[in-house]
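Only heavy atoms go into these numbers, but all of them, side chains included; no hydrogens, no water, no symmetry mates. The structure displayed is predicted, hence computed values, not measured ones.
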Amino acid sequence: MDTVTLKNEALQRIEKAEKTSDLEQLRIEYLAKKGTVQQLMVQMKDLSPEEKPAFGQKVNELKKVITQALEDRQKQLAESELNERLKTEKIDISLDASSAPVGSLHPLTLITQQIEDIFVGLGYEVAEGPEVELDLYNFEKANIPADHPSRDMQDTFYIDPNTLLRTHTTAIQMRVLEAAHGKTPIKLVCPGKVYRRDDDDATHSHQFMQSEGLVVGEGITLADLKGTLQFMIESLFKEGTKIRFRPSYFPFTEPSFEVDMSCHICGGKGCNVCKHTGWIEILGSGMVHPHVLEINGFDPKKYTGFAFGVGLERIAMLKYGITDIRDLYTNDIRFLQGFKKYQ
């Protein structure tokens, strides 16, 4: 078969191809090593030296024509096949998507945000610090003596003799005091996770969350502490909730107080929640110990301050009626869905 006849035949078959797979078969048939075009070169041995160059040029041109025709038809068919797929596989975007179950913000997140909002509104800063803490900030700078029971291995999770999982966010306060280099005023609230060796039951957990507050400046008094806590408790629960102070002991405050609030369920009349006393223990507080101020670079004769610490799980359980602290850590979306109304 001469080159002209072969070209016409190949172009016609390429034009009639309806699939890209058909084009691949034609490419193999005409252009492969043992294909029809390549076989034309066998005729070269029967030609005279004068005829061979012209014949070789015609065969090369035939290869180019067929190759170009295959590429052009390939583009046409590929576009046509894509358009057909778009028609048959089209997604109706007006249909409702399948919905996944959605929970809500975790109750501890809700309480953290509420406390932050309360104190940011009072001009406080929100401070954070490492959960893996140095003994220096967790105990020593907080005026907790070396023989204090909380420093024992059975009460604190130690990583090495000088490093531990912080037992309270007081460590954040100590870092802020050190970084202040004796300059005031300091007003901060520091929420975060803390860790203590404890039995896990309905009211206790080895991991829990605290939010502590610290104010240092000139002329800070116990009245400022009481007014601040009164405002916080009324903001978290309801207006008219009362608080009372009971003397206590904390190494980093002097004097120190346990703070109770009137029961938000019965209004102080007595019920199962408050064990019929009308009061619920809610947090610890006190005036910053002069030694804590001194070892952190403040003149205790010039400056005073107050500090307090509240367990966020306790606030959440009281506020939302949660009876088992373990519910806060089960990662059950059914539990979280109950808090959508509080967002």
Side-chain angles (χ1 to χ4, degrees), residues 129 133-158 164-178 186 188-192 194-199 203-206 208-217 220-230 232-233 242-262 274-275 277 279-296 298 300-301 303-315 318:
E133 188 55 274
L134 296 175
D135 181 280
L136 173 67
Y137 297 105
N138 196 82
F139 292 130
E140 189 172 336
K141 281 183 172 287
N143 197 39
I144 299 176
D147 58 352
H148 194 278
S150 66
R151 299 180 75 161
D152 292 342
M153 291 292 289
Q154 62 265 37
D155 289 320
T156 301
F157 294 111
Y158 279 90
L164 49 94
L165 296 181
R166 67 185 180 194
T167 60
H168 47 196
T169 56
T170 304
I172 301 176
Q173 299 180 20
M174 299 305 105
R175 286 179 173 273
V176 172
L177 286 174
E178 181 183 75
I186 293 174
L188 65 94
V189 63
C190 41
V194 297
Y195 306 84
R196 298 179 189 175
R197 186 266 180 208
D198 209 339
D199 295 327
T203 57
H204 298 86
S205 173
H206 66 278
F208 56 99
M209 293 190 68
Q210 278 188 335
S211 185
E212 297 193 15
L214 174 69
V215 173
V216 176
I220 304 299
T221 69
L222 191 58
D224 298 313
L225 170 62
K226 187 173 183 179
T228 300
L229 295 181
Q230 180 73 54
M232 180 186 77
I233 295 301
K242 299 178 182 179
I243 66 171
R244 70 179 184 183
F245 283 8
R246 289 182 291 106
S248 185
Y249 167 76
F250 302 110
F252 33 84
T253 54
E254 180 60 38
S256 303
F257 305 95
E258 296 285 357
V259 181
D260 301 331
M261 72 174 191
S262 58
C274 62
K275 300 178 181 179
T277 66
W279 296 94
I280 299 174
E281 182 180 327
I282 195 69
L283 58 88
S285 66
M287 301 301 291
V288 179
H289 198 293
H291 185 57
V292 172
L293 293 173
E294 187 174 9
I295 62 178
N296 284 285
F298 292 82
K301 295 181 179 179
Y303 300 111
T304 54
F306 65 75
F308 61 88
V310 59
L312 300 189
E313 282 84 354
R314 181 158 182 78
I315 295 290
L318 290 171

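Contact check on R314 versus E281 returns no salt bridge, with no Lys/Arg side-chain nitrogen under 4.0 Å from an Asp/Glu carboxylate oxygen.
F250 and F257 get closest at one heavy-atom pair: CE1-O, 3.7 Å. Between L214 and A307, the shortest heavy-atom contact is CD1-CB, 4.2 Å. Nearest heavy-atom pair, Q173 versus G213, reported as atom, atom and distance to 0.1 Å: NE2-O, 3.6 Å. What you find for C190 and L188 is that their closest heavy atoms are SG-CD1, 3.8 Å. Across every non-hydrogen atom of F306 and M287, the tightest pair is CB-SD, 3.9 Å. Of all non-hydrogen atoms in V259 and S285, the two that sit nearest each other are CG2-OG, 3.4 Å.
Using cut-offs of 30° and 60° on the angle between ring planes, the pair Y303 and F298 is perpendicular. Taking the six-membered ring where tryptophan is involved, the planes of H291 and H289 are perpendicular, since the angle between them exceeds 60° and thus also 30°.
By the 4.5 Å heavy-atom criterion applied to side chains, F308 and L229 are counted as neighbours. Side-chain contact check for T221 versus T304: every heavy-atom pair is 4.5 Å or farther apart. Side-chain contact between L312 and F208 is absent, with no heavy-atom pair separated by less than 4.5 Å. Under the 4.5 Å side-chain criterion, counting only non-hydrogen atoms from C-beta, I280 is in contact with L318.
Side-chain N or O atoms of R244 include none that pairs as donor or acceptor with a backbone N or O of W279 at under 3.5 Å. Side-chain atoms of Q210 never come within 3.5 Å of backbone atoms of H168 as a donor-acceptor pair (strictly under, hydrogens ignored). Between the side chain of E258 and the backbone N or O of S248, no donor-acceptor pair lies under 3.5 Å. Checked by atom type and distance alone, the side chain of D260 never pairs as donor or acceptor with a backbone atom of R246 at under 3.5 Å.
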Exercise for review: For N138 and M174, run side chain to side chain contact (heavy atoms under 4.5 Å, CB included): C-alpha distance rounded to whole Å, both residues' side-chain angles, the deciding distance at 0.1 Å, then the answer.
Suggested key: CA-CA 8 Å; N138 196 82; M174 299 305 105; over 6 Å; no
Exercise for review: Let me see the working for V176 and I186 under side chain to side chain contact (heavy atoms under 4.5 Å, CB included), right down to the final yes or no.
Suggested key: CA-CA 9 Å; V176 172; I186 293 174; 4.3 Å; yes
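From L293, atom CG reaches atom CG of L177 across 7.0 Å, with rounding to the nearest 0.5 Å. Put simply, CD1 on I243 and CD on Q230 are 4.5 Å apart, with the number rounded to the nearest 0.5 Å. Atoms OG and CD1, from S211 and I172 in turn, are 9.0 Å apart once rounded to the nearest 0.5 Å. Between the CD1 atom of I144 and the OG1 atom of T167 there is a distance of 6.0 Å, given to the nearest 0.5 Å. Atom CE of M261 is separated from atom CD1 of I282 by 4.5 Å, given to the nearest 0.5 angstrom. Here CZ of R196 is found 8.5 Å from OG1 of T156. Values are rounded to the nearest 0.5 Å.
Residue L164 is tested with Y195, F157, F139 for a side-chain contact (heavy atoms from CB on, under 4.5 Å); the sole match is F139.
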